[in-house]
Amino acid sequence: DTGGHSHFMAKEIYEQPAVIDQINRLYRDRSLLDQLFSLDAARIRRINFVACGSSFHAASVARHWIQSMSGIECTVHVASEYRYEALPRIYPGEVAILVSQSGETADTLAALERLRRLGMPVIAIVNESGSTMARLADITLPLAAGPEIGVASTKAFMAQLVVMAHLSLHLALRQASPTITGRLRDHLLRLPALIDAALHNEPAVIEAASGLAGVSSALFLGRGPFQALAAEGALKLKETSYIHAEAFPAGELKHGPLALVDDAMPVFALAGSDDLRPKLASNLREVTARGGQVHVIGDRESMLSMADVASGMMTVPRAPEFIRPMVAAVPLQLLAYHAACVRGLDVDRPRNLAKSVTVE
Ligand code: F6R
């Protein structure tokens, strides 16, 4: 039942405010995160994230949060590589965090088994509570997003970000003042309303998607944590619309990808962090100077400073920097959804893909 929406993907995108609310309630009670004390959380020195696809992108955002808030070193690995990679020496205080919607992804499970053999404690962040990953991990943190039917992950990706935001705050308690972490936790409480407001900007996204009907290639750019959002936007677009989409850290543009830019290729730019905005704007001027069409995804304030480079804008409500990655995810999801619709494709079941990748 798509609950009055045309597709499960749309239903799941619109469920996100309720999902976040649910997670906030679940993690307000500290007992879930206090499980980390069984690993001696005060001694966590390095975190190795392991995941695939969208879950990998969510982990890539969390790396920025954890490193900036608690100074714990984080690495992020694609599971299909990590399971075979020569691993450096494991240090005391080193843990792995596996992120998965299904909890059945073959490569992530293989990485889990390997890590357990090596004796590294494994925390799993999983949506399917009865899954193999949830069962085998030392500690499981639930996503509580409810069943996700659309093959392209939307609400589970959002749930991963929110759960890892709570986790980041928990780890930050070791060094940040409770006043600061308390204020950041309040931002998470405001998030459902901000996501709701971002959903109200759907008409601007529909307009941008209508321009993708005959497009064969698109670029996504971001900096800092928004680099991972750019990667997620590109993945979502290629999955649902079969448009070739690639993401780059905006500063990498002139090291090669700029050669691709012409007036036939839309460029989507995530204007997320205030500090990096002038840098991003100058990267984007390189695009417009070559006839490229730039669509900026950002709040009104960032739009003002990008007005000279943007030929299209998908405005999101202004949010505290900590939770901006979640807000930015909304137009990216809607863009992939509407691009698939205008191209007449099977939104919920893209060709060649399975919801749960249980083979290597
Ligand atoms: C993208 C998508 C996939 C999954 C990936 C990992 O929309 O759905 O990239 O994110 O296959 O799956 P899980 O999270 O179930 O391990």
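Ligands are counted one by one from 1 in listed order, and the atoms in each one are counted from 1 as well. The figures here come from the full heavy-atom set of this structure, side chains too, leaving out hydrogens, waters and symmetry mates.
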Ignoring hydrogens, just give me the one of G150, A336, S102 whose non-hydrogen atom is nearest atom 15 (O) of ligand 1.
S102

K236 heavy atoms, cut-off 4.0 Å: which ligand 1 atoms fall inside?
1 (C), 7 (O)

If you scan protein heavy atoms around atom 11 (O) of ligand 1, the nearest is V357 CG2, 4.0 Å

Any atom of ligand 1 sitting under 4.0 Å from a heavy atom of V151?
yes

Quick one: does E239 get an N or O within less than 3.5 Å of an N or O on ligand 1?
yes

Main-chain N/O of L32 paired with Q35 side-chain donor or acceptor, under 3.5 Å
yes

For atom 12 (O) of ligand 1, what is the closest protein heavy atom, and at what distance to 0.1 Å?
T105 OG1, 3.5 Å

Among all protein heavy atoms, pick the one closest to atom 4 (C) of ligand 1 and tell me residue, atom and distance.
S54 N, 4.0 Å

For H77 and Y82, take the angle between the two ring planes, folded into 0 to 90°, and tell me which bin it lands in: parallel under 30, tilted 30 to 60, perpendicular over 60.
tilted

Are D348 and K11 ion-paired here, with the side-chain N under 4.0 Å from a carboxylate O?
no

So which heavy atom in the protein is nearest atom 5 (C) of ligand 1, and how far is it from that ligand atom?
C52 O, 3.7 Å

For R318, does the CZ atom have more than 12 heavy-atom neighbours from other residues, nucleotides or ligands under 6.0 Å away?
yes

N/O donor to acceptor pairs below 3.5 angstrom from side-chain atoms of residues 221-232, sequence neighbours left out:
unit_1, atom_1, unit_2, atom_2, d
R223, NH1, N283, OD1, 2.8
E232, OE1, S54, OG, 3.0
E232, OE1, H57, ND1, 2.9
E232, OE2, S54, OG, 3.1
E232, OE2, K236, NZ, 2.7

Which label fits W65 and F322: parallel for a plane angle under 30°, tilted from 30 to 60°, or perpendicular past 60°?
perpendicular

Measure the spacing between CZ of F37 and CD1 of I44 and express it to the nearest 0.5 Å.
9.5 Å

Does ligand 1 come near enough to K355 that some N or O of the ligand is less than 3.5 Å from an N or O of the residue?
no

Min N/O separation S153 to ligand 1 under 3.5 Å
yes

Close approach of A152 to ligand 1, heavy atoms, under 4.0 angstrom:
yes

Using distance only, find each side-chain donor-acceptor pair of residues 350-357 under 3.5 Å and give its atom names and separation, not counting sequence neighbours.
unit_1, atom_1, unit_2, atom_2, d
K355, NZ, E148, OE1, 2.6
K355, NZ, G150, O, 2.9
K355, NZ, V151, O, 3.4

